[in-house]
Amino acid sequence: MRTALRIALAASAALLTLGVAQAQEKTLRIGSEGAYPPFNNLTADGQLVGFDIDIAKALCDEMKVTCTFVAQDWDGIIPALQAGKFDAIVASMSITPERAEKVDFTNKYYNTPPAIAAPKDSDIKGVTKEDLASKTIGVQASTTHFNYSTKTYADSTIKPYPTAQEYQLDLANGRVDAVNDDITVIEGWLATPDGACCKLIGAITPDIEIHGPGAGIAVRKGDTALVNQFNKAIDAIRANGKYKEINDKYFKYDVYGGES
(Lines give C-alpha, C1' and ligand atoms only; values in the text may rest on other atoms or scores of the structure.)
Protein backbone atom coordinates (compact mmCIF):
# COMPACT_ATOMS: atom_id res chain seq x y z
CA MET A 1 0.00 0.00 0.00
CA ARG A 2 2.81 2.37 0.92
CA THR A 3 4.67 1.43 -2.27
CA ALA A 4 1.59 2.23 -4.37
CA LEU A 5 1.21 5.56 -2.56
CA ARG A 6 4.85 6.43 -3.18
CA ILE A 7 4.45 5.61 -6.88
CA ALA A 8 1.32 7.75 -7.11
CA LEU A 9 3.02 10.66 -5.37
CA ALA A 10 6.05 10.37 -7.64
CA ALA A 11 3.82 10.34 -10.71
CA SER A 12 1.99 13.42 -9.46
CA ALA A 13 5.27 15.21 -8.82
CA ALA A 14 6.49 14.34 -12.32
CA LEU A 15 3.30 15.72 -13.88
CA LEU A 16 3.61 18.89 -11.81
CA THR A 17 7.23 19.33 -12.89
CA LEU A 18 6.23 18.81 -16.52
CA GLY A 19 3.46 21.39 -16.17
CA VAL A 20 5.86 23.96 -14.71
CA ALA A 21 8.39 23.29 -17.47
CA GLN A 22 5.73 23.68 -20.14
CA ALA A 23 4.61 26.97 -18.57
CA GLN A 24 8.19 28.21 -18.55
CA GLU A 25 8.57 27.21 -22.21
CA LYS A 26 5.37 28.98 -23.31
CA THR A 27 5.69 30.75 -26.63
CA LEU A 28 3.88 34.04 -27.12
CA ARG A 29 3.12 35.00 -30.71
CA ILE A 30 3.32 38.74 -31.40
CA GLY A 31 1.70 40.33 -34.46
CA SER A 32 3.05 43.56 -35.96
CA GLU A 33 2.61 45.41 -39.24
CA GLY A 34 6.16 45.73 -40.52
CA ALA A 35 5.44 48.89 -42.51
CA TYR A 36 5.60 51.71 -39.97
CA PRO A 37 9.22 52.71 -39.32
CA PRO A 38 10.79 53.50 -36.93
CA PHE A 39 8.22 51.61 -34.85
CA ASN A 40 8.02 48.47 -36.95
CA ASN A 41 9.47 47.50 -40.31
CA LEU A 42 10.53 44.45 -42.34
CA THR A 43 14.14 43.86 -43.28
CA ALA A 44 15.14 42.53 -46.70
CA ASP A 45 15.16 38.98 -45.29
CA GLY A 46 11.68 39.35 -43.77
CA GLN A 47 12.59 40.04 -40.13
CA LEU A 48 10.49 42.44 -38.07
CA VAL A 49 12.55 45.25 -36.50
CA GLY A 50 11.93 48.60 -34.82
CA PHE A 51 10.92 50.20 -31.54
CA ASP A 52 7.74 48.11 -31.20
CA ILE A 53 9.69 44.91 -31.76
CA ASP A 54 12.47 45.77 -29.31
CA ILE A 55 9.88 46.72 -26.68
CA ALA A 56 8.03 43.46 -27.26
CA LYS A 57 11.26 41.47 -26.86
CA ALA A 58 12.08 43.31 -23.62
CA LEU A 59 8.58 42.63 -22.28
CA CYS A 60 8.83 38.96 -23.19
CA ASP A 61 12.19 38.72 -21.42
CA GLU A 62 10.66 40.36 -18.35
CA MET A 63 7.70 37.95 -18.49
CA LYS A 64 10.11 35.02 -19.00
CA VAL A 65 8.34 33.77 -22.11
CA THR A 66 9.66 32.98 -25.58
CA CYS A 67 8.28 35.28 -28.26
CA THR A 68 7.90 34.78 -31.98
CA PHE A 69 6.83 37.50 -34.41
CA VAL A 70 4.28 37.49 -37.23
CA ALA A 71 4.02 40.20 -39.90
CA GLN A 72 0.42 41.15 -40.65
CA ASP A 73 -1.12 43.83 -42.89
CA TRP A 74 -2.66 46.62 -40.81
CA ASP A 75 -6.22 46.31 -42.14
CA GLY A 76 -6.42 42.68 -41.08
CA ILE A 77 -4.45 42.80 -37.86
CA ILE A 78 -7.38 42.77 -35.38
CA PRO A 79 -9.27 39.99 -37.24
CA ALA A 80 -6.04 37.96 -37.32
CA LEU A 81 -5.68 38.36 -33.53
CA GLN A 82 -9.30 37.32 -33.02
CA ALA A 83 -8.76 34.29 -35.25
CA GLY A 84 -5.80 33.13 -33.15
CA LYS A 85 -3.03 33.83 -35.65
CA PHE A 86 -1.12 35.45 -32.79
CA ASP A 87 -1.64 36.24 -29.11
CA ALA A 88 -0.96 39.98 -28.97
CA ILE A 89 -0.53 42.98 -31.24
CA VAL A 90 2.50 45.22 -30.70
CA ALA A 91 2.16 47.60 -33.63
CA SER A 92 1.75 51.17 -32.40
CA MET A 93 -2.00 50.64 -32.06
CA SER A 94 -3.70 53.61 -30.42
CA ILE A 95 -6.06 52.74 -27.58
CA THR A 96 -9.54 53.83 -28.69
CA PRO A 97 -13.09 52.99 -27.53
CA GLU A 98 -13.95 51.58 -30.96
CA ARG A 99 -11.03 49.14 -30.88
CA ALA A 100 -11.65 48.33 -27.21
CA GLU A 101 -14.98 46.82 -28.27
CA LYS A 102 -13.03 44.19 -30.23
CA VAL A 103 -9.85 43.69 -28.16
CA ASP A 104 -8.52 44.27 -24.66
CA PHE A 105 -5.67 46.74 -24.22
CA THR A 106 -2.76 47.06 -21.86
CA ASN A 107 -1.75 50.44 -20.48
CA LYS A 108 0.06 52.62 -23.01
CA TYR A 109 3.70 51.94 -23.81
CA TYR A 110 4.20 55.24 -25.63
CA ASN A 111 2.27 58.38 -26.57
CA THR A 112 3.47 60.86 -29.20
CA PRO A 113 1.47 63.56 -31.02
CA PRO A 114 0.34 63.54 -34.65
CA ALA A 115 1.69 66.05 -37.16
CA ILE A 116 1.41 67.42 -40.69
CA ALA A 117 4.15 67.39 -43.34
CA ALA A 118 4.22 68.96 -46.80
CA PRO A 119 6.67 69.64 -49.65
CA LYS A 120 9.36 72.21 -48.87
CA ASP A 121 7.86 74.69 -51.34
CA SER A 122 4.32 74.32 -49.95
CA ASP A 123 2.28 77.38 -49.04
CA ILE A 124 0.69 75.54 -46.08
CA LYS A 125 1.41 77.56 -42.94
CA GLY A 126 -0.18 75.53 -40.15
CA VAL A 127 -2.20 72.47 -39.14
CA THR A 128 -5.71 73.92 -38.73
CA LYS A 129 -8.77 73.22 -40.84
CA GLU A 130 -8.35 76.62 -42.48
CA ASP A 131 -4.65 76.06 -43.19
CA LEU A 132 -5.43 72.85 -45.08
CA ALA A 133 -8.66 73.91 -46.82
CA SER A 134 -8.84 72.71 -50.45
CA LYS A 135 -5.69 70.57 -49.99
CA THR A 136 -5.40 66.82 -50.57
CA ILE A 137 -4.11 65.06 -47.45
CA GLY A 138 -2.59 61.58 -47.55
CA VAL A 139 -3.02 59.37 -44.49
CA GLN A 140 -2.88 55.67 -43.67
CA ALA A 141 -6.35 54.10 -43.68
CA SER A 142 -7.96 52.54 -40.60
CA THR A 143 -5.89 54.66 -38.21
CA THR A 144 -6.67 57.36 -35.68
CA HIS A 145 -4.92 59.80 -38.01
CA PHE A 146 -7.37 58.93 -40.79
CA ASN A 147 -10.31 59.37 -38.41
CA TYR A 148 -8.97 62.70 -37.22
CA SER A 149 -8.32 63.96 -40.74
CA THR A 150 -11.79 62.94 -41.91
CA LYS A 151 -13.43 64.71 -38.99
CA THR A 152 -11.26 67.82 -38.77
CA TYR A 153 -10.28 68.64 -42.34
CA ALA A 154 -13.81 68.75 -43.75
CA ASP A 155 -12.79 71.24 -46.44
CA SER A 156 -9.94 69.04 -47.66
CA THR A 157 -9.77 65.85 -49.72
CA ILE A 158 -8.63 62.95 -47.53
CA LYS A 159 -6.82 60.23 -49.49
CA PRO A 160 -6.36 56.90 -47.66
CA TYR A 161 -3.35 54.61 -48.17
CA PRO A 162 -2.66 51.02 -47.06
CA THR A 163 0.76 51.95 -45.62
CA ALA A 164 2.79 54.99 -44.60
CA GLN A 165 5.37 54.31 -47.31
CA GLU A 166 2.72 54.74 -50.00
CA TYR A 167 1.53 58.16 -48.86
CA GLN A 168 5.17 59.22 -48.42
CA LEU A 169 5.90 58.28 -52.03
CA ASP A 170 2.88 60.25 -53.25
CA LEU A 171 3.85 63.31 -51.21
CA ALA A 172 7.37 63.20 -52.62
CA ASN A 173 5.95 62.95 -56.16
CA GLY A 174 3.41 65.74 -55.75
CA ARG A 175 0.27 63.59 -55.81
CA VAL A 176 -0.91 64.90 -52.43
CA ASP A 177 -0.41 68.30 -50.80
CA ALA A 178 0.22 67.13 -47.24
CA VAL A 179 0.23 64.07 -45.00
CA ASN A 180 -0.91 63.36 -41.45
CA ASP A 181 0.76 60.80 -39.18
CA ASP A 182 2.59 60.36 -35.90
CA ILE A 183 5.29 63.01 -35.53
CA THR A 184 8.03 60.44 -34.93
CA VAL A 185 7.15 58.59 -38.14
CA ILE A 186 7.15 61.85 -40.10
CA GLU A 187 10.40 63.10 -38.57
CA GLY A 188 12.07 59.75 -39.18
CA TRP A 189 11.08 59.83 -42.85
CA LEU A 190 12.10 63.48 -43.29
CA ALA A 191 15.58 62.59 -42.06
CA THR A 192 16.06 60.09 -44.92
CA PRO A 193 17.01 60.84 -48.54
CA ASP A 194 13.46 59.93 -49.61
CA GLY A 195 12.08 62.55 -47.22
CA ALA A 196 14.42 65.34 -48.35
CA CYS A 197 11.60 66.69 -50.50
CA CYS A 198 9.49 67.73 -47.61
CA LYS A 199 9.22 69.52 -44.27
CA LEU A 200 7.36 69.30 -40.98
CA ILE A 201 4.54 71.85 -40.87
CA GLY A 202 3.74 71.30 -37.21
CA ALA A 203 2.37 69.04 -34.50
CA ILE A 204 -1.35 68.57 -33.93
CA THR A 205 -2.81 68.76 -30.43
CA PRO A 206 -4.18 65.24 -29.89
CA ASP A 207 -7.95 64.78 -29.64
CA ILE A 208 -8.29 62.33 -26.76
CA GLU A 209 -11.63 61.04 -28.10
CA ILE A 210 -10.01 60.12 -31.42
CA HIS A 211 -6.33 59.54 -30.68
CA GLY A 212 -6.83 57.96 -27.27
CA PRO A 213 -4.28 57.96 -24.39
CA GLY A 214 -1.46 56.40 -26.40
CA ALA A 215 -0.38 53.16 -28.05
CA GLY A 216 -1.13 49.94 -26.20
CA ILE A 217 -0.74 46.21 -26.68
CA ALA A 218 -3.92 44.50 -27.87
CA VAL A 219 -4.92 40.97 -26.84
CA ARG A 220 -8.05 38.90 -27.37
CA LYS A 221 -11.14 39.90 -25.41
CA GLY A 222 -11.16 38.41 -21.94
CA ASP A 223 -7.44 37.59 -21.75
CA THR A 224 -7.08 39.59 -18.54
CA ALA A 225 -4.17 37.51 -17.27
CA LEU A 226 -2.07 38.42 -20.31
CA VAL A 227 -3.01 42.11 -20.01
CA ASN A 228 -1.89 42.07 -16.38
CA GLN A 229 1.39 40.34 -17.30
CA PHE A 230 2.13 42.94 -19.95
CA ASN A 231 1.23 45.85 -17.65
CA LYS A 232 3.52 44.54 -14.93
CA ALA A 233 6.32 44.10 -17.49
CA ILE A 234 5.82 47.61 -18.91
CA ASP A 235 6.18 49.06 -15.42
CA ALA A 236 9.27 46.93 -14.82
CA ILE A 237 11.18 47.98 -17.96
CA ARG A 238 10.30 51.61 -17.28
CA ALA A 239 11.77 51.23 -13.80
CA ASN A 240 14.89 49.19 -14.60
CA GLY A 241 16.16 51.34 -17.47
CA LYS A 242 15.49 48.92 -20.33
CA TYR A 243 12.75 51.15 -21.77
CA LYS A 244 15.10 54.15 -21.83
CA GLU A 245 17.81 52.07 -23.50
CA ILE A 246 15.41 51.12 -26.32
CA ASN A 247 13.90 54.62 -26.48
CA ASP A 248 17.35 56.21 -26.88
CA LYS A 249 18.22 53.80 -29.70
CA TYR A 250 15.46 55.34 -31.83
CA PHE A 251 14.58 58.77 -30.45
CA LYS A 252 16.21 61.86 -28.92
CA TYR A 253 13.34 62.37 -26.46
CA ASP A 254 11.14 60.22 -24.22
CA VAL A 255 8.27 58.92 -26.37
CA TYR A 256 6.43 57.52 -23.35
CA GLY A 257 4.81 60.91 -22.73
CA GLY A 258 3.26 61.91 -19.41
CA GLU A 259 2.51 59.50 -16.62
CA SER A 260 -1.25 59.50 -17.31
Side-chain angles (χ1 to χ4, degrees), residues 33 35-41 50-52 74-75 91-99 108 110-216 250-258 260:
E33 182 188 10
Y36 198 60
F39 293 103
N40 58 77
N41 201 19
F51 176 79
D52 287 332
W74 181 256
D75 284 348
S92 293
M93 181 171 283
S94 296
I95 303 165
T96 67
E98 179 184 6
R99 289 173 180 153
K108 71 168 186 179
Y110 81 85
N111 187 18
T112 50
I116 296 289
K120 285 182 175 176
D121 61 357
S122 174
D123 61 355
I124 298 171
K125 304 299 183 185
V127 300
T128 67
K129 176 182 177 181
E130 293 73 25
D131 289 321
L132 288 151
S134 78
K135 305 296 186 182
T136 298
I137 304 170
V139 61
Q140 187 175 4
S142 303
T143 64
T144 55
H145 306 298
F146 179 80
N147 295 341
Y148 178 86
S149 292
T150 302
K151 176 185 174 182
T152 304
Y153 302 122
D155 298 329
S156 305
T157 300
I158 309 303
K159 188 174 180 180
Y161 289 86
T163 67
Q165 286 95 328
E166 288 166 277
Y167 76 60
Q168 290 165 359
L169 182 63
D170 271 10
L171 183 63
N173 288 306
R175 289 188 282 266
V176 294
D177 301 304
V179 295
N180 176 12
D181 207 336
D182 187 282
I183 192 169
T184 53
V185 172
I186 288 176
E187 287 184 332
W189 175 63
L190 293 177
T192 69
D194 289 340
C197 59
C198 303
K199 63 184 179 181
L200 181 71
I201 298 297
I204 296 168
T205 301
D207 181 332
I208 190 67
E209 292 184 1
I210 296 177
H211 296 109
Y250 294 94
F251 311 110
K252 296 180 180 179
Y253 48 88
D254 184 3
V255 297
Y256 185 78
S260 58

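Contact check for C198 versus Q168: no side-chain heavy atoms found under the 4.5 Å cut-off. Looking at I204 and P113, their side chains never come closer than 4.5 Å, going by heavy atoms from C-beta outward. Residues P37 and Q165 have side chains in contact (heavy-atom distance under 4.5 Å, counting atoms from C-beta outward). Looking only at side-chain heavy atoms (C-beta outward), D194 and W189 come within less than 4.5 Å of each other. Looking only at side-chain heavy atoms (C-beta outward), I158 and Y148 stay at 4.5 Å or farther from each other. Annotation: side chain of Y36 is not in contact with side chain of T143 (no heavy-atom distance under 4.5 Å). Looking at heavy atoms from C-beta onward, E33 lies out of side-chain contact with D52 at the 4.5 angstrom threshold. A heavy-atom distance below 4.5 Å is not found between the side chains of T150 and V139.
Interatomic distance, N147 CG to N180 CG, rounded to the nearest 0.5 Å: 10.5 Å. For the atom pair OG of S156 and CD of E130, the computed distance is 10.0 Å after rounding to the nearest 0.5 Å. Interatomic distance, CD of Q140 versus OG1 of T163, reported as 6.5 Å (0.5 Å rounding). Note that CE of M93 and CZ of F39 are 14.5 Å apart. Values are rounded to the nearest 0.5 Å. Atom OH of residue Y110 and atom CZ of residue F251 lie 7.0 Å apart, to the nearest 0.5 angstrom. To the nearest 0.5 Å, the span separating CD1 on I201 from CG on L132 amounts to 8.0 Å.
Closest non-hydrogen pair, A118 versus I124, comes out as CB-CD1, 4.2 Å. Annotation for P213 and N111: closest pair O-ND2, 3.1 Å, computed over non-hydrogen atoms. Closest approach of A35 to N40, counting heavy atoms only: N-OD1, 3.2 Å. Of all heavy-atom pairs spanning V127 and A203, the tightest one is CG2-O, 3.7 Å.
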Point to revise | Verdict with reasoning, I183 to L200, per side chain to side chain contact (heavy atoms under 4.5 Å, CB included) | key: CA-CA 9 Å; I183 192 169; L200 181 71; 4.2 Å; yes
Check your understanding: Between N41 and F51, does a side chain to side chain contact (heavy atoms under 4.5 Å, CB included) hold up when you go through it step by step?
Key -> CA-CA 9 Å; N41 201 19; F51 176 79; over 6 Å; no
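Put simply, the residue from T157, D155, D123 that forms a side chain to side chain donor-acceptor pair (under 3.5 Å) with K135 is D123.
Screening residues 140-153 for salt bridge (Lys or Arg N to Asp or Glu O under 4.0 Å), with sequence neighbours left out, gives K151-D207.
Looking at N173, its side chain never comes within 3.5 Å of a backbone N or O of R175 through a donor-acceptor pair. Not one N or O on the side chain of D181 forms a donor-acceptor pair closer than 3.5 Å with the backbone of I116. Checking side-chain atoms of S94 against main-chain N and O of T144 turns up no donor-acceptor pair under 3.5 Å. Side chain of D177 to main chain of T136: a donor-acceptor pair is present (N/O by atom type, distance under 3.5 Å, no hydrogens or angles). K108 places a side-chain N or O within donor-acceptor distance of the main-chain N or O of Y256, the cut-off being under 3.5 Å.
Cation-pi geometry between K159 and Y167 is not met: the NZ or CZ atom fails to fall both under 6.0 Å from the ring centre and inside 45° of the normal.
Side-chain contact of T184 with D182: a donor-acceptor pair under 3.5 Å is present, judged by distance alone.
Between Y161 and F146, the ring center distance fails the sub-6.0 Å criterion.
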